[in-house]
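Please read the structure below before turning to the comments.
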Protein chains: 2
Amino acid sequence: MNGVPADQDERARDEQALDETMRALAEPRRRAILRLVAHEELAAGEIAAAFEVSRTAVSQHLTVLKGAGLLVERREGTRRLYRARPEGLAGLRDFLDEAWTASLDVARRLVEADRAQLVGGGQEVRDAG
Amino acid sequence: MNGVPADQDERARDEQALDETMRALAEPRRRAILRLVAHEELAAGEIAAAFEVSRTAVSQHLTVLKGAGLLVERREGTRRLYRARPEGLAGLRDFLDEAWTASLDVARRLVEADRAQLVGGGQEVRDAG
DNA sequence: CGCTAACGTTAGCGCGAACTGACACTCGAA
DNA sequence: TTCGAGTGTCAGTTCGCGCTAACGTTAGCG
């Protein structure tokens with residue numbers, strides 16, 4: 001089951017989810033917010049008090065983070081408590097591991113090709129694909 | 001050696017480096033480029049041919065990725081070959097692991113607090129900090 | 001009901017960033 | 001040195017996004 005349209009759709013969906021995660025985490029303040037609620041559950045007001053921007057801005061950041069699945073919201077009276085959602089980082093974790101291993105692999109292959117070139121004396125070595 | 005100004009500077013430097021990494025990876029095309037050069041070393045023209053945007057745009061993307069330390073450039077005649085640089089992902093890897101473990105920890109503590117509340121019958125349990 | 005606290009939402013503004021097109025540069029070959 | 005291939009760089013435009021201010025909403029109290 002490789003290369004079928006259903007697999008393409010799944011790939012596209014993963015990419016879209018990863019894109020949302022990355023765009024959410026690309027903002028320094030959103031990373032700071034995530035760090036806060038990763039250590040303890042906090043109310044929107046408490047989170048906003050930790051920064052020097054308006055509560056409106058923080059609320060929008062919380063909306064983005066929640067939309068990316070990086071946060072979960074729990075209501076308690078008029079207050080809204082937020083905490084980090086570890087599973088939201090799974091997609092990014094997969095991407096990172098994949099890129100990491102692939103990068104190490106291409107580096108290893110280049111070293112081998114370079115060594116082969118030194119031994120063989122300039123033969124064709126760039127056909128590895 | 002904790003909490004001293006030198007540590008703050010190091011923290012700030014790490015955050016800035018992480019910010020550059022995240023902003024570079026926030027762009028879908030840049031992630032696609034990184035995937036390409038993570039599997040094999042490619043020239044700028046070959047990379048550009050893989051997308052439907054102008055070579056100018058791809059060149060700018062390559063500049064950003066190189067600036068973030070995610071790519072290395074190697075010149076061969078008029079061609080410029082690029083390949084992924086695994087160490088550039090180290091900072092993001094650290095952030096991810098930290099956020100992951102912290103999120104799991106706060107989730108575990110909340111479950112314990114909830115269980116204690118069920119057993120104790122509504123006693124004060126939200127002082128865990 | 002009126003009132004307040006705690007939030008989210010909308011409209012509008014300003015900045016940064018991604019894209020295109022034109023130009024400049026650097027090799028290698030004739 | 002003249003030419004073409006392969007790339008980087010510089011304006012200029014468009015567009016997304018983070019911010020603020022004002023308004024709307026919901027929960028709890030008297």
Side-chain angles (χ1 to χ4, degrees), chain A residues 15-37 40-83 85 122 126, chain B residues 15-37 40-84 122 126:
Chain A
E15 243 298 306
Q16 193 172 349
L18 176 60
D19 191 49
E20 212 167 352
T21 304
M22 291 300 300
R23 276 187 13 216
L25 262 50
E27 196 61 32
R29 284 200 174 81
R30 281 198 284 263
R31 287 198 302 273
I33 290 176
L34 190 67
R35 276 193 256 253
L36 280 182
V37 298
E40 57 176 332
E41 193 179 37
L42 289 175
E46 300 178 284
I47 300 172
F51 302 96
E52 293 181 346
V53 293
S54 66
R55 294 194 316 273
T56 305
V58 175
S59 180
Q60 289 170 345
H61 285 317
L62 289 172
T63 301
V64 173
L65 287 169
K66 191 172 61 178
L70 297 171
L71 255 53
V72 281
E73 176 190 312
R74 180 170 69 92
R75 305 199 179 187
E76 190 175 90
T78 67
R79 308 202 318 168
R80 302 194 181 186
L81 302 172
Y82 294 90
R83 66 172 176 89
R85 182 173 171 273
R126 289 199 41 79
Chain B
E15 243 298 306
Q16 193 172 350
L18 176 60
D19 191 49
E20 211 167 353
T21 305
M22 290 300 301
R23 271 177 30 204
L25 262 51
E27 196 62 32
R29 284 201 174 81
R30 281 199 283 263
R31 286 198 300 275
I33 291 176
L34 191 67
R35 275 193 258 253
L36 281 181
V37 296
E40 57 176 332
E41 192 179 38
L42 289 175
E46 299 177 285
I47 299 172
F51 302 97
E52 293 181 348
V53 293
S54 65
R55 295 194 316 274
T56 305
V58 174
S59 180
Q60 289 170 346
H61 284 318
L62 289 172
T63 301
V64 173
L65 287 168
K66 191 172 62 177
L70 297 171
L71 254 54
V72 282
E73 177 191 312
R74 179 170 69 93
R75 306 199 178 185
E76 188 175 90
T78 68
R79 308 202 317 168
R80 301 195 183 186
L81 302 171
Y82 295 89
R83 66 172 175 89
R126 290 198 43 77

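All chains are named by letter (A, B, ...) in the order of the sequence lines, taking the proteins before the strands, and each is independently numbered beginning at 1.
In this entry the distance linking CD of B:E46 with P of D:dA5 reads 17 Å, nearest Å. Across the protein-nucleic acid pair, B:R23 atom CZ and D:dG16 atom C1' stand 15 Å apart, rounded to whole Å. For the pair B:D19 CG and D:dG18 C1', the computed distance is 14 Å after rounding to whole Å. In this structure, B:R75 atom CZ and D:dG6 atom C1' are separated by 12 Å, rounded to whole Å.
For residues 48-58 of chain A, no residue pair satisfies the salt bridge (Lys or Arg N to Asp or Glu O under 4.0 Å) rule, not counting sequence neighbours.
Partners of A:R31 according to the side-chain hydrogen bond (donor to acceptor under 3.5 Å, both in side chains) rule, which considers only residues two or more places apart in sequence or in another chain, are B:E15, B:D19. Evaluation of the side-chain contact (heavy atoms from CB on, under 4.5 Å) rule for B:E20 yields B:A68 as partners, not counting sequence neighbours. For the side-chain hydrogen bond (donor to acceptor under 3.5 Å, both in side chains) test, residues two or more places apart in sequence or in another chain that qualify with B:R30 are B:H61. By the side-chain contact (heavy atoms from CB on, under 4.5 Å) test, B:T56 pairs with B:S54, B:Q60, sequence neighbours left out. Under the rule for a side-chain contact (heavy atoms from CB on, under 4.5 Å), B:Q16 has no partner lying at least two apart in sequence or in another chain. Taking the side-chain hydrogen bond (donor to acceptor under 3.5 Å, both in side chains) definition, one finds that A:R85 meets it with A:E87, sequence neighbours left out.
Look at D:dG30: its Watson-Crick or wobble partner, with both distances under 3.5 angstrom, is C:dC1.
Each of A:H61 and A:G77 lies near DNA chain D, and the nucleotide nearest A:H61 is the one positioned closer to the 5' end. Heavy-atom nearest nucleotides on DNA chain D were determined for A:V58 and for B:A43, and the one closer to the 5' end corresponds to B:A43.
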Intermediate values then yes/no, side-chain contact (heavy atoms from CB on, under 4.5 Å), A:I33 and A:F51: CA-CA 9 Å; A:I33 290 176; A:F51 302 96; 3.6 Å; yes
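The salt bridge (charged side-chain N to carboxylate O under 4.0 Å, His left out) test with A:E73 is passed by exactly one of A:R79, A:R80, A:R83: A:R80.
Note on A:R29: only backbone sugar-phosphate atoms sit closer than 4.0 angstrom, heavy atoms only; bases stay farther off.
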Anything under 3.5 Å between a protein N or O and an N or O of nucleotides 8-12 of chain D, put it in a table, one pair a line.
| residue | atom | partner | partner atom | Å |
| --- | --- | --- | --- | --- |
| D:dG8 | OP1 | B:Y82 | OH | 2.4 |
| D:dG8 | OP2 | B:S59 | OG | 3.1 |
| D:dT9 | O4 | B:T56 | OG1 | 3.4 |

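For DNA chain C, the outermost nucleotides in 5' to 3' order that have an atom under 4.0 Å from a heavy atom of chain B are C:dA17 to C:dG28.
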